[in-house]
Amino acid sequence: MVSDQSDEAVEKQPGVAAVTRVLEHHGNKVTFIRNLPRLGMAQQRQCLLDKASGEYVLFLDDDVLLESWSLKTMVDVIKEEKCGMAGMFVIGLSYKDDVRPHHQKVEFWDGPVKPETIRPGTKEWQRASLHSAANVLHLSERLNATPDNPLKYKVAWIGACKLYNTKKLREVGGFNFWRELPPEHSGEDVMAQLKVIEKSGGCGILPSGAYHQEFETKVPNREVDAFKVLLEGE
């Protein structure tokens with residue numbers, strides 16, 4: 001399903017139409033809905049979540065490319081761990097030769113993935129330093145992580161590519177907090193993840209099969225961080 005907020009119907013664009021035909025050729029139904037007026041990314045995500053019917057829901061940014069094995073690996077991990085979220089942080093291959101050992105600190109799960117309470121400013125929040133440049137690629141190579149034997153690690157949050165257990169995401173309210181935010185905001189995906197991780201646990205996966213196309217962000221106004229606004233005063 002595609003929730004379209006463009007000025008002109010996106011399904012008419014040649015590139016989108018071509019991908020739609022490929023998906024339909026392989027037996028996948030593609031549905032387009034118009035979600036206007038634009039009320040912000042949290043509302044857009046909630047719109048899609050409201051219409052999701054599967055056991056799992058993948059939130060994948062439109063500037064991310066996946067290896068063919070990525071989705072299966074994420075599904076296998078979230079089923080095995082019975083957690084709320086599992087994801088792969090995106091790799092920027094322009095940084096392939098920029099090795100940063102000082103940013104490769106990682107905490108692996110020793111045993112089952114468990115719920116955690118994570119907030120900005122805590123030591124757990126510092127885990128996010130792993131998620132820049134091509135650090136997850138270099139770490140995976142150093143540790144010989146493979147899709148058949150993935151490594152599960154502790155995260156603060158994961159951007160751009162994460163798989164949720166649909167029921168567990170809905171249990172914490174999904175993105176219904178959009179009503180408490182102005183239309184221009186960022187950090188809504190972080191806010192939802194913090195809630196899911198706190199109730200049901202979540203993890204990152206090595207190796208990552210997600211690659212960032214490294215376009216400029218489509219959300220340039222980041223003056224309002226959802227998680228900062230909504231967690232203020234806790």
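Values in this document were obtained by computation on a predicted structure and should not be read as measured data. Throughout, residue positions are numbered sequentially from 1 according to the sequence presented.
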Sidechain-backbone polar pair: [X] side chain, [Y] backbone, donor-acceptor under 3.5 Å:
X	Y	value
His131	Ala128	no
Thr31	Met1	no
His185	Ala42	yes
Asn165	Lys168	yes
Glu81	Pro112	no

State whether the number of non-hydrogen atoms from other residues, nucleotides or ligands found under 6.0 Å of Glu184 atom CD is greater than 12. no

Spatial distance of atom CD (Gln104) from atom OG (Ser129) [nearest 0.5 Å]: 10.5 Å

When rounded to the nearest 0.5 angstrom, what distance separates CZ in Phe59 from OH in Tyr164? 7.0 Å

Report yes if some heavy atom in the side chain of [X] is under 4.5 Å from a heavy atom in the side chain of [Y]; otherwise report no.
X	Y	result
Asp189	Lys162	yes
Leu65	Val90	no
Lys199	Val196	no
Trp178	Arg45	no
Glu198	Val172	no
Lys114	Trp109	yes
Tyr153	Val155	yes
Asn35	Gln44	yes

Worked verdict on Thr166 versus Arg170 for side chain to side chain contact (heavy atoms under 4.5 Å, CB included): CA-CA 6 Å; Thr166 308; Arg170 285 173 172 158; 3.6 Å; yes

Apply side-chain hydrogen bond (donor to acceptor under 3.5 Å, both in side chains) to residues Asp148 and Thr146 and explain how you reach the verdict. CA-CA 5 Å; Asp148 295 328; Thr146 67; 5.4 Å; no

Pair up each side-chain donor or acceptor in residues 7-30 with any protein partner under 3.5 Å, not counting sequence neighbours, and list the distances.
unit_1: Asp7; atom_1: OD1; unit_2: Arg38; atom_2: NH2; d: 2.9
unit_1: Thr20; atom_1: OG1; unit_2: Val16; atom_2: O; d: 2.8
unit_1: Asn28; atom_1: ND2; unit_2: Leu23; atom_2: O; d: 3.2

For Gln5 and Leu39 the tightest heavy-atom approach is NE2-N, 4.4 Å

Aromatic ring proximity Phe227/Phe177, centre distance under 6.0 Å: no

Test side chain to side chain contact (heavy atoms under 4.5 Å, CB included) applied to Ile33 and Cys47, step by step: CA-CA 10 Å; Ile33 61 172; Cys47 176; 3.7 Å; yes

Glu180: which residues meet the salt bridge (Lys or Arg N to Asp or Glu O under 4.0 Å) condition with it, sequence neighbours left out? none

The test is side chain to side chain contact (heavy atoms under 4.5 Å, CB included); show your working for Leu143 and Phe108 and say whether it passes. CA-CA 12 Å; Leu143 299 175; Phe108 290 107; 3.4 Å; yes

N-O pairing of Glu80 and Lys152 below 4.0 Å: yes

Between Glu107 and Arg127, is there a side-chain N and carboxylate O pair less than 4.0 Å apart? yes

Under the salt bridge (Lys or Arg N to Asp or Glu O under 4.0 Å) criterion, do Lys96 and Asp98 qualify, and how do the steps go? CA-CA 6 Å; Lys96 183 178 180 180; Asp98 181 3; over 6 Å; no

Do His212 and Asp63 get their side chains close enough for a donor-acceptor pair, meaning under 3.5 Å? yes

